[in-house]
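Input: a single structure, listed below in structure tokens.
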Amino acid sequence: ALDDKRVFYALCESHDLPHPPVLATADRGRITVKALPPGEEIALKPSDGEGGSGFRLLRLPSAARADEACFAAFIKHEIGRSRDGWVVQP
């Protein structure tokens, strides 16, 4: 569970443990939106990264802040053809 941020955060949620908020996850190109971003920037992190490897801070267009489908499309565009797992946080 500690090797994959997606699994770790899901485990924390299932046990009502505090953890950083997760706005969305990506797995094999499939985007799951949990919440719309509260601000203009998001952190896009590889789910198996460590030490900041692969971390990207992204500024969102206004449409992606107001609509789940636009938010998911923005994330999909940013990860491109990557089949890796990703976590999106505020």
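- Two residues are said to be in side-chain contact when any heavy atoms from C-beta on lie closer than 4.5 Å; Pro21 and Pro90 meet this criterion.
- Under a hydrophobic clustering in which Ile, Leu, Val, Met, Phe, Trp and Tyr are joined whenever their side-chain heavy atoms come within less than 4.5 Å, directly or via other members, Trp86 and Val33 fall into the same cluster.
- For the pair Glu40 (side chain) and Arg59 (backbone), a donor-acceptor distance under 3.5 Å is absent.
- Smallest separation of non-hydrogen atoms from Lys76 and Gly29: NZ-O, 2.6 Å.
- Linking ILVMFWY side-chain heavy atoms closer than 4.5 Å, directly or via other members, places Phe71 and Ile79 in a single hydrophobic cluster.
- For Pro18 against Cys12, the heavy-atom pair with the smallest separation is O-SG, 4.5 Å.
- From Thr32, atom OG1 reaches atom CD of Glu68 across 10.5 Å, with rounding to the nearest 0.5 Å.
- To the nearest 0.5 angstrom, Asp67 atom CG is 11.0 Å from Ser62 atom OG.
- Minimum interatomic distance between Phe55 and Pro46 (heavy atoms only, all atoms of both residues): N-CD, 4.1 Å.
- Closest non-hydrogen pair, Ile42 versus Leu60, comes out as CG2-CD1, 3.5 Å.
- Across Ala26 and Arg6, no two heavy atoms sit closer than the pair O-NH1, 3.5 Å.
- There is no path of hydrophobic side-chain contacts, each under 4.5 Å, that joins Val87 to Leu58.
- Tracing side-chain contacts under 4.5 Å through hydrophobic residues (I, L, V, M, F, W, Y), one reaches Phe74 starting from Val88; they form part of the same cluster.
- When side chains are defined from C-beta on, Lys34 does not count as touching Leu23, because their heavy atoms never get closer than 4.5 Å.
- The NZ atom of Lys45 sits 14.0 Å away from atom OG1 of Thr25, with the distance rounded to the nearest 0.5 Å.
- Counting all heavy atoms, side chain and backbone alike, Arg65 lies closest to Gly39 at CD-O, 3.0 Å.
- Within the model, atoms OG of Ser14 and OH of Tyr9 stand 14.5 Å from one another, a figure rounded to the nearest 0.5 Å.
- Val22 is not connected to Leu36 by any chain of hydrophobic side-chain contacts under 4.5 Å among Ile, Leu, Val, Met, Phe, Trp and Tyr, and they are in different clusters.
- Put simply, the side chain of Asp27 never gets that close to the backbone of Arg30: no donor and acceptor are under 3.5 Å apart.
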